[in-house]
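If you read the sequence from its start, that first residue is 1, and numbering goes on from there. Just the heavy atoms: all of them, side chains too, but no hydrogens, waters or symmetry mates, feed the values below. Remember, predicted model here, so these are calculated numbers, not experimental data.
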Amino acid sequence: MGQSVTGAARLPGGVAGGAAILRARAVAVSRGALASDRLATVGLIAWCALLAALTWHTWGDLSVDTGYDVLAGVRVSHGELPYVDFTYYYGPLAPLVLGGAGAILGDGVGTSIAVGLALSVLIVLVTHRVARLVVGPGGALLAAALTGTAAFSTGNMSFVVPYTASATLAIAASLAALLAVAAHARGGRRAHLYAAGVALGVVTLTRPEFVAALAAGLAAWLLLGPGSWRDKVRDGLALAVPAIAVAAVVYGAFLTQVSLSALITDNLVPVNQLREAGSEVVRSAMPLTAASVVTLAGRLVLYALGVAGMLVAAALIRRGGPARRAAIAAVVVAFAGFLAALVVNPEAVRHQLQHAWGWIPAGAGIAAAAVLWAGLRRGLERTVEWRLVAALTVLLTVLAATTYDQFFPFATHFANKAAFAMPFAAIFLAWLHLTWLPRRGGAPAAAIGAAWLAALVLAGGVLVIHDAAAESATVHGSGGTLAVAPDQARAFQGAIDRIDATTRPGEPVLIGPQMTWMYVVAGRPDPLPQLVTLPGALTIADQRAAEARMRDVNVAVIDTRSFDEFGHGAFGQTFDRELARWLSTNFRRESTWPVSSDRAIELWRRNGKGAQG
């Protein structure tokens, strides 16, 4: 304190004048930071607009279950409810949000796209806000820009038209919870803790892996907090009570309409579907085998070697002289080669980038353990930033563990859920390369880390645009337009055209086993309480009940692809045999559109129904 007063006394005007000058400087710094954040916000919105324009209508994968939540939202906008009127496998928030939007904006994929675009931009901007608390403005900008490349990707995990909007809603709520606890730590207002608890409650209405991840992250935040254990328990209750209240009110309302058994075993934890097929998808992402653990460890070691190379280059740059020039030249050549490869062969870069991401499930776990250990052993590091990093790394560890064997946000395989972890992974990378590693490598390490993050942003953007360019055809109907690869467009458009020609608006059509988007684009309702007829979705009794419900169904569209990812073959071969038998008995195959050598889209007409149009 004495030093600061003495320093102020040396300024013009003595202590009072010096204090005024220091306050003016603080205000100037604050205004400069605010202007920088505003500029970053404008830049990120422009980045999102550019990616949206270059990927327009290409979001989602029409070959699989893109459209699941879009269809659920349409049914809600028509007065139906998840769990009550139709089977729904996730929390109710997504269909309720999409249904509410549909009631205002109308049915169709356009409404879902509008909601998805708003959520995507929101997630990018909130990612920037959270990252700004743990890294500098440049790192926050890079983390948010990297998140944008996942948000506007063209696969099934796009944030704009994901196979389930429950994931993007969970991402936004989780980021909001991190902002709220950080605000509480800075200002001490318990209202911010309650807000974080409400955000956790919102996440309970989405997906279970996000509930577990956010709860674990908030527990880490509390663990490193100041005060006695009694204080921590009181803060924990301030988080838990609102969360439990939100879940109890919403799910309690549904329990007035359906039984607890039906809510859980038929919907939230679909026992039959998981037993028959869903567990196969889970095993592919987290196989829990020795080989998968060894592979993950290898990815971690490989990235650690890359980090070691960055630190060596940083040390040589700090040394100066010929070593400095050689290190700078090596770094420039490496990044130039990376950019050249990205231009010449993006697919080769995609393959190599798996090494840049695949280590994160293990790396985040190690970082979480290290941060918690340091925070518990050294109270000086229990700052807002340190606690936020602890919460973030723990959250990321839990979330990434659910897909640890396939952790690559830009994979073309539809089952990869790593894109949904991108906001947290991007902030983690920014913290690692721009805050943690520079502790040893200094400014050169930070500069190399920033260049690496910028290269990842550029690579992600190029891959997303490259994938969008491949979807150069479109399919359209009364419910909207979506882009698709040319080899699929003829089959999908042919089926939609025949649906339009052979059925009336409002007439139900059976489409399966997936392709729920086709109901919305074609503007036809689905006839069953099950949104999909995937392996395990319908028991024998369900199939017979479905047959009885479809007396007024005259047209069916069936995808003949094999469902290897579920451990099954095609429809009627290893699953839904009873339904396929009923279809072949009462319908005739009228049209077939080949998609590939082992896949086609078939349109079936009820016997005795002549062609129309």
Can you give each donor-acceptor pair under 3.5 Å made by side-chain atoms of residues 421-431, sequence neighbours left out, with the distance rounded to 0.1 Å?
none

| remark: So the side-chain hydrogen bond (donor to acceptor under 3.5 Å, both in side chains) pairs with at least one residue in residues 81-108 (sequence neighbours excluded) are D69-Y88, S77-D107, H78-D107
| query | Given side chains that start at C-beta, do those of R75 and L531 come closer than 4.5 Å, heavy atoms only? | reply | yes
| request: Would you please say whether a donor-acceptor pair under 3.5 Å links the side chains of T66 and N156? | output: yes
| So, T168 side chain and A165 main chain: donor-acceptor pair closer than 3.5 Å or not? | yes
| request: Side-chain contact test, heavy atoms from C-beta onward, threshold under 4.5 Å: evaluate it for Y163 versus K417 and give yes or no. | output: yes
| field | Non-neighbouring partners of F492 that pass ring pair (Phe, Tyr, Trp, His ring centres under 6.0 Å), sequence neighbours left out | value | W517
| task | Could I get the full list of ring pair (Phe, Tyr, Trp, His ring centres under 6.0 Å) partners for H568, not counting sequence neighbours? | result | F575
| request: Not counting sequence neighbours, which residues clear side-chain contact (heavy atoms from CB on, under 4.5 Å) with P208? List them please. | output: none
| Would you find a donor on one side and an acceptor on the other, under 3.5 Å apart, between the side chain of W59 and the backbone of S158? | no
Please table the atom pairs, donor to acceptor, closer than 3.5 Å between any side-chain atom in residues 110-131 and protein atoms at least two apart or in another chain.
{"unit_1": "T111", "atom_1": "OG1", "unit_2": "G106", "atom_2": "O", "d": "2.5"}
{"unit_1": "S120", "atom_1": "OG", "unit_2": "G116", "atom_2": "O", "d": "2.8"}
{"unit_1": "T127", "atom_1": "OG1", "unit_2": "I123", "atom_2": "O", "d": "2.7"}

| message | Side chains of T481 and V475, heavy atoms from C-beta outward: is any pair under 4.5 Å? | response | no
| field | Partners passing side-chain contact (heavy atoms from CB on, under 4.5 Å) against A195 (at least two apart in sequence or in another chain) | value | A180
| query | Should L482 and L62 count as side-chain neighbours, where that means a heavy-atom distance under 4.5 Å? | reply | yes
Please tabulate, one pair per line, all N/O donor-acceptor pairs under 3.5 Å involving side-chain atoms of residues 222-234, not counting sequence neighbours.
{"unit_1": "S228", "atom_1": "OG", "unit_2": "R230", "atom_2": "N", "d": "3.4"}
{"unit_1": "S228", "atom_1": "OG", "unit_2": "D231", "atom_2": "N", "d": "3.4"}
{"unit_1": "S228", "atom_1": "OG", "unit_2": "D231", "atom_2": "OD2", "d": "3.4"}
{"unit_1": "D231", "atom_1": "OD1", "unit_2": "R234", "atom_2": "NH1", "d": "3.4"}
{"unit_1": "D231", "atom_1": "OD1", "unit_2": "R234", "atom_2": "NH2", "d": "2.7"}
{"unit_1": "D231", "atom_1": "OD2", "unit_2": "S228", "atom_2": "N", "d": "3.0"}
{"unit_1": "K232", "atom_1": "NZ", "unit_2": "L223", "atom_2": "O", "d": "3.3"}
{"unit_1": "K232", "atom_1": "NZ", "unit_2": "G225", "atom_2": "O", "d": "2.4"}

| message | Measuring only between side-chain heavy atoms, which start at C-beta, is L133 closer than 4.5 Å to E385? | response | no
Under 3.5 Å donor-acceptor pairs involving side-chain atoms of residues 251-260, not counting sequence neighbours:
{"unit_1": "Y251", "atom_1": "OH", "unit_2": "T204", "atom_2": "O", "d": "2.8"}
{"unit_1": "T256", "atom_1": "OG1", "unit_2": "A253", "atom_2": "O", "d": "2.5"}
{"unit_1": "S259", "atom_1": "OG", "unit_2": "A262", "atom_2": "N", "d": "3.0"}

| Taking the side chain as C-beta and beyond, is there a heavy-atom pair between F566 and Q273 under 4.5 Å? | yes
| Main-chain N/O of R504 paired with R524 side-chain donor or acceptor, under 3.5 Å | yes
| remark: Contacts satisfying side-chain hydrogen bond (donor to acceptor under 3.5 Å, both in side chains) that involve residues 179-191 (not counting sequence neighbours) are R190-D235
| message | Nearest 0.5 angstrom please: T402 OG1 to M286 CE, how far? | response | 7.0 Å
Under 3.5 Å, side-chain donor or acceptor atoms of residues 393-400 against the rest of the protein: list the pairs with distances, not counting sequence neighbours.
{"unit_1": "T393", "atom_1": "OG1", "unit_2": "V389", "atom_2": "O", "d": "2.8"}
{"unit_1": "T393", "atom_1": "OG1", "unit_2": "A390", "atom_2": "O", "d": "3.1"}
{"unit_1": "T397", "atom_1": "OG1", "unit_2": "A364", "atom_2": "O", "d": "3.1"}
{"unit_1": "T397", "atom_1": "OG1", "unit_2": "G365", "atom_2": "N", "d": "3.2"}
{"unit_1": "T397", "atom_1": "OG1", "unit_2": "T393", "atom_2": "O", "d": "2.7"}

Report all side-chain donor-acceptor pairs from residues 532-547 shorter than 3.5 Å, counting only partners two or more places apart or in another chain.
{"unit_1": "T539", "atom_1": "OG1", "unit_2": "A541", "atom_2": "N", "d": "3.4"}
{"unit_1": "T539", "atom_1": "OG1", "unit_2": "D542", "atom_2": "N", "d": "3.1"}
{"unit_1": "T539", "atom_1": "OG1", "unit_2": "D542", "atom_2": "OD2", "d": "3.1"}
{"unit_1": "D542", "atom_1": "OD2", "unit_2": "T539", "atom_2": "N", "d": "3.1"}
{"unit_1": "Q543", "atom_1": "OE1", "unit_2": "E578", "atom_2": "N", "d": "3.2"}
{"unit_1": "Q543", "atom_1": "OE1", "unit_2": "L579", "atom_2": "N", "d": "2.9"}
{"unit_1": "Q543", "atom_1": "NE2", "unit_2": "L538", "atom_2": "O", "d": "3.4"}

| said: Measuring from atom OG of S166 to atom CD1 of I171, what distance do you get when rounded to the nearest 0.5 angstrom? | reply: 9.5 Å
| field | Side-chain heavy-atom pair D526, L510 within 4.5 angstrom cut-off | value | no
| Is F408 close to T403 at the side-chain level, that is, under 4.5 Å between some pair of heavy atoms? | no
